[in-house]
Amino acid sequence: MNSLIEQVYKYQLKRKGVAWVTIFIGALAIAIAYFASTNIRGIRFTRSGTALATGEATIFLWVLFGLLFATTLFLVFLLVTSYRVQQRIAFTDTEVIVPRSFWSSREKHIDYDDIQDISIRNEQHQRWLVIKHSGGKSNISGAMLENSKIFEEVVNLLVEKVRNARDS
């Protein structure tokens, strides 16, 4: 655990993208709140043929506002947390250091000898590096690294380090 760190990669939320989504959803929530507070009509959903009376439409709009507002608050929480929690992926000559969880600055040290399997999982346009070891599984999101080239670099470096550890 006291080995010198050879390579470090920032592991963090893409703040700029999340900020823009937060602004968009927040603005949409404000617009829906305005429509809900001034509503004098019903709503008709043309594809399903469903219609809501004026009171039902107002309730629907307020519920929609509540969902959008809650989403905005959650995104703001994510942004604040991303500044409070600093994470990294680091390589030493004997171990890889990864974040313990998405919400924590604590780190998990995994010896290369202890790694049982390395795989890449593709899920909903996301790539995950899955590291299986005796302590369980660690997932590294490609979206939390700077770009896909860095993700590939992390994967290749880990594979190389594990291979070298097994050969020696």
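Quick note: residue numbers are just sequence positions, from 1.
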Counterpart residues, salt bridge (Lys or Arg N to Asp or Glu O under 4.0 Å), relative to Glu107 (two or more places apart): Arg88
Residue pairs fulfilling side chain to side chain donor-acceptor pair (under 3.5 Å) with at least one residue in residues 49-60, sequence neighbours excluded: Asn39-Thr58, Ser48-Thr50
Cluster companions of Ile5 among Ile, Leu, Val, Met, Phe, Trp, Tyr (side-chain spacing under 4.5 Å): Val8, Ile97
Asn147 side-chain N/O to Ile150 backbone N/O, donor-acceptor pair under 3.5 Å: yes
Transitive ILVMFWY side-chain link Val21 to Val76, under 4.5 Å: no
Same cluster (ILVMFWY, side-chain, under 4.5 Å), Ile32 and Val63: no
Pairs flagged by ring-ring contact (aromatic ring centres under 6.0 Å, His included) wherever residues 131-168 is involved - sequence neighbours left out: none
Side chain to side chain donor-acceptor pair (under 3.5 Å): pairs with one or both residues in residues 66-84, sequence neighbours excluded: Arg15-Ser82
Residue pair Ile43, Leu61: steps toward the side-chain contact (heavy atoms from CB on, under 4.5 Å) verdict: CA-CA 10 Å; Ile43 297 175; Leu61 290 171; 4.2 Å; yes
Atom OH of Tyr9 with >12 non-hydrogen neighbours under 6.0 angstrom: yes
Heavy-atom side-chain contact between Thr92 and Leu4 under 4.5 Å: no
Euclidean distance, Ile23 CD1 relative to Leu28 CG, rounded to 0.5 Å: 13.5 Å
Transitive ILVMFWY side-chain link Leu73 to Leu78, under 4.5 Å: yes
Least distance between heavy atoms, Ala19 atom then Leu79 atom: CA-CD1, 3.9 Å
Distance-minimising heavy-atom pair for Leu158 and Ile131: CD2-CD1, 3.6 Å
Residue pairs involving residues 27-38 (criterion side chain to side chain donor-acceptor pair (under 3.5 Å); sequence neighbours excluded): none
Shortest non-hydrogen contact from Trp62 toward Ala33: CH2-O, 3.8 Å
Donor-acceptor contact present, side-chain Gln87 to main-chain Ser101, <3.5 Å: yes
Pairs satisfying ring-ring contact (aromatic ring centres under 6.0 Å, His included), at least one member in residues 38-57, at least two apart: Phe45-Phe60
ILVMFWY cluster, Val85 and Val80 together (side-chain gap under 4.5 Å): no
Where Leu68 and Ile25 come nearest, the two heavy atoms and their spacing: O-CG2, 3.6 Å
Heavy-atom closest contact (Leu157 atom, Phe91 atom, distance): CD2-CD1, 3.5 Å
Ser138 and Ile110, any side-chain heavy atoms less than 4.5 Å apart: yes
Between NE2 on residue His109 and OG1 on residue Thr94, distance to nearest 0.5 Å: 10.0 Å
Partners passing ring-ring contact (aromatic ring centres under 6.0 Å, His included) against Phe69 (at least two apart in sequence or in another chain): Phe65
Same apolar cluster (I L V M F W Y, side chains within < 4.5 Å links), Val130/Phe102: no
Minimum side-chain heavy-atom gap Asn139-Leu129 below 4.5 Å: no
Pairs satisfying ring-ring contact (aromatic ring centres under 6.0 Å, His included), at least one member in residues 111-130, at least two apart: none
All salt bridge (Lys or Arg N to Asp or Glu O under 4.0 Å) counterparts of Lys108, not counting sequence neighbours: none
Minimum-distance pair of heavy atoms, taken over all atoms of Tyr11 and Ser141: OH-N, 2.8 Å
Within 6.0 Å of CZ in Arg166, more than 12 heavy atoms from elsewhere: yes
Side-chain donor/acceptor of Lys14 to backbone N/O of Leu145, under 3.5 Å: yes
Within-4.5 Å side-chain heavy-atom neighbours: Ile89 and Ile140: yes
Salt bridge (charged side-chain N to carboxylate O under 4.0 Å, His left out): pairs with one or both residues in residues 131-160, sequence neighbours excluded: Arg127-Glu152
Contact list for residues 115-124, test side chain to side chain donor-acceptor pair (under 3.5 Å), sequence neighbours left out: Arg121-Glu123
side-chain contact (heavy atoms from CB on, under 4.5 Å) evaluation trace for Lys161 with Gln7: CA-CA 12 Å; Lys161 294 280 192 183; Gln7 186 71 40; over 6 Å; no
Exceeds 12 heavy-atom contacts within 6.0 angstrom, atom CH2 of Trp103: yes
